[in-house]
A.B. asks: 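Could you have a look at this structure, given as structure tokens, before my questions?
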Protein chains: 2
Amino acid sequence: MVNPLIRKLEHFARLTSGERQALERVVQTTRRLGPREDVIRDGDRPRHVNLILEGWACRYKQLEDGRRQVISIFLPGDLCDPHVFVLRKMDHSLGTLTPVLLAEIPEAAIREISAESRTLSEALWWEMLVTAAIQREWTVSLGQRLATERLGHLFCELFMRLKAVGLTSETSCEFPITQADLGDAMGLSTVHINRTLKELRAAGLIRLRGRQLTIPDFAALRAASLFDPAYLHHERDPSILHDD
Amino acid sequence: MVNPLIRKLEHFARLTSGERQALERVVQTTRRLGPREDVIRDGDRPRHVNLILEGWACRYKQLEDGRRQVISIFLPGDLCDPHVFVLRKMDHSLGTLTPVLLAEIPEAAIREISAESRTLSEALWWEMLVTAAIQREWTVSLGQRLATERLGHLFCELFMRLKAVGLTSETSCEFPITQADLGDAMGLSTVHINRTLKELRAAGLIRLRGRQLTIPDFAALRAASLFDPAYLHHERDPSILHDD
DNA sequence: CGAACGATGTAACCTTCGTGAATTCCGAAG
DNA sequence: CTTCGGAATTCACGAAGGTTACATCGTTCG
């Protein structure tokens, strides 16, 4: 299995085999976690950069009274906070949603690869800026979109991000998270997530059974959700953009 | 008037006079805009880094059907996207909320100051990471907090950010934006913003008249809004943290 | 094979917030 | 001082989504 980070960055930059090897080398120590475990907790001092190799994880923040917001979802190939060391303490937690295999990358390794290659340095910048753009798009979703649009938009986003690391078939992908977690991510109650999924299913926009999501007509879901993939910044490799 | 960026960064790093001068020098060309003008539009190619010197601005995104989400608010001393050049096109717009004076900083100038001084480089990293943390906190607000909490939290945040650049008195600050803009930022209708402000006023948590916000008892507003300033990462200079 | 548990699905009712339409306030321009 | 226009305020009503409670489904584990 190829390091999914390489696969993702190759949509942005043409990597030499040396650069690819440099990226392989950052994966030294790995760590396996079960579902619903914390990788690092709010208030802890960050010790390394986490790279997701398998499984789904998330950032989340828990309020004093128990309310929980999932702030972002991490998929294979996602780097969690490549420059977090500047800050002393985490202001949120990182946790798994499913069983996860992650690489623990030391600060120095990140510095080295971006010092060695301008291409890699730019590619890491691209990765960070896209992460920020995704965060902004979630702000838009939570602020403006109705429940159906919000969920539809999330499905479009996750499908495209999974596609970028080769984890989709033509119209389907794994979708291993619970409705409760979806609710925490989209700022909706579990009950309403369920209602909304029912509606999207009834409209023929998605199929969701077990841990499998199918989007039979991406263009339709995209239109229904006002999804515009520009914020994922695949402008240098538009092959991945569905334009059906 | 001192460059407010310097003032802000000094809460994080002890700057030499040389470093302070380097930061002054990045302000070469400035630009004055009226209220409600666009600095740069969704889809445009970014040409420089914008530094707010006076006035309030915002990131926003407009959906096809007219809905508008203000994604972040920029105050004096805020840098808008110091490394935006890696991406070809803006995925959102930057606009003013009030009359604004901003500095247009060329890409090269940013590179230079972070190459010259490790301290400045780290300080710019800190600034970027705090911006990201603020974005995450907005996600939490939009996802989980009720209208009163959401507004109260925003008031706490903006007050502390203004304090960091010396734009507050003991309990007051300028608050020059309209209820409509507040609504677009917090994902609430203008009417509901108005209702909520009334409620916060009635509870004695804020006074808001004209363009002036007063927070008579910061600790009270903080408690009512579940505001925890940790995400602003003033851990190296806690003097600014209200702990009344 | 059955118990136990987590996840999903549904229903009834309630709360928060949005909509549309006036009305009032206030600061700037004449 | 008056006028004007944007901003603030208020009201009545309706829609979106939350809450509580319970039933069902499916896996895993004994």
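Predicted, not measured: the structure shown is a model, and the values here were computed from it. Proteins get letters first, then strands, A, B, ... in listed order; numbering begins at 1 in each.
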A.B. asks: Check whether any side-chain heavy atom of A:Leu94 lies under 4.5 Å from a side-chain heavy atom of A:His92, and answer yes or no.
C.D. replies: yes
A.B. asks: Quick one, give me the B/S/- string for nucleotides 9-27 of chain D, reading 5' to 3', where B means a protein heavy atom under 4.0 Å from the base and S means that only happens at the primed atoms, P, OP1 or OP2.
C.D. replies: BBBB---SBBBB-------
A.B. asks: Mind checking whether B:Leu226 and B:Asp228 have side chains closer than 4.5 Å, heavy atoms only?
C.D. replies: no
A.B. asks: Which angle, rounded to 10°, do you find between the first-five-pair axis and the last-five-pair axis of the helix from C:dC1-D:dG30 to C:dG30-D:dC1?
C.D. replies: 40°
A.B. asks: Do A:Leu53 and A:Leu102 have side-chain heavy atoms sitting under 4.5 Å apart?
C.D. replies: no
A.B. asks: Any side chain to side chain donor-acceptor pair (under 3.5 Å) pairs touching residues 44-53 of chain A, not counting sequence neighbours?
C.D. replies: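 Found A:His48-A:Glu104.
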A.B. asks: The test is side chain to side chain contact (heavy atoms under 4.5 Å, CB included); show your working for A:Leu142 and A:Glu137 and say whether it passes.
C.D. replies: CA-CA 9 Å; A:Leu142 292 176; A:Glu137 198 63 38; over 6 Å; no
A.B. asks: Check ring-ring contact (aromatic ring centres under 6.0 Å, His included) between B:Tyr60 and all other residues, then give those that pass, not counting sequence neighbours.
C.D. replies: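 Testing B:Tyr60 for ring-ring contact (aromatic ring centres under 6.0 Å, His included), a comparison that skips the adjacent residues, returns none.
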A.B. asks: Reading DNA chain C from 5' to 3', where do the contacts with chain A start and stop? Cut-off is 4.0 Å to heavy atoms.
C.D. replies: C:dA7 to C:dA12
A.B. asks: For A:His11, check ring-ring contact (aromatic ring centres under 6.0 Å, His included) against everything at least two apart and list the hits.
C.D. replies: A:His234
A.B. asks: Taking the six-membered ring for Trp, is the centroid-to-centroid distance between A:Tyr231 and A:Trp138 below 6.0 Å?
C.D. replies: no
A.B. asks: Which part of the nucleic acid does A:Arg211 contact within heavy-atom distance under 4.0 Å: base, sugar-phosphate only, or nothing?
C.D. replies: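 Nothing, no nucleic acid heavy atom in range.
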A.B. asks: Ring centres under 6.0 Å, that's the criterion: do B:Phe227 and B:Phe155 meet it?
C.D. replies: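 So the answer is no for these two rings.
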A.B. asks: Check whether any side-chain heavy atom of B:Thr131 sits under 4.5 Å from a side-chain heavy atom of B:Ile134, and report yes or no.
C.D. replies: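 No, side chains not in contact.
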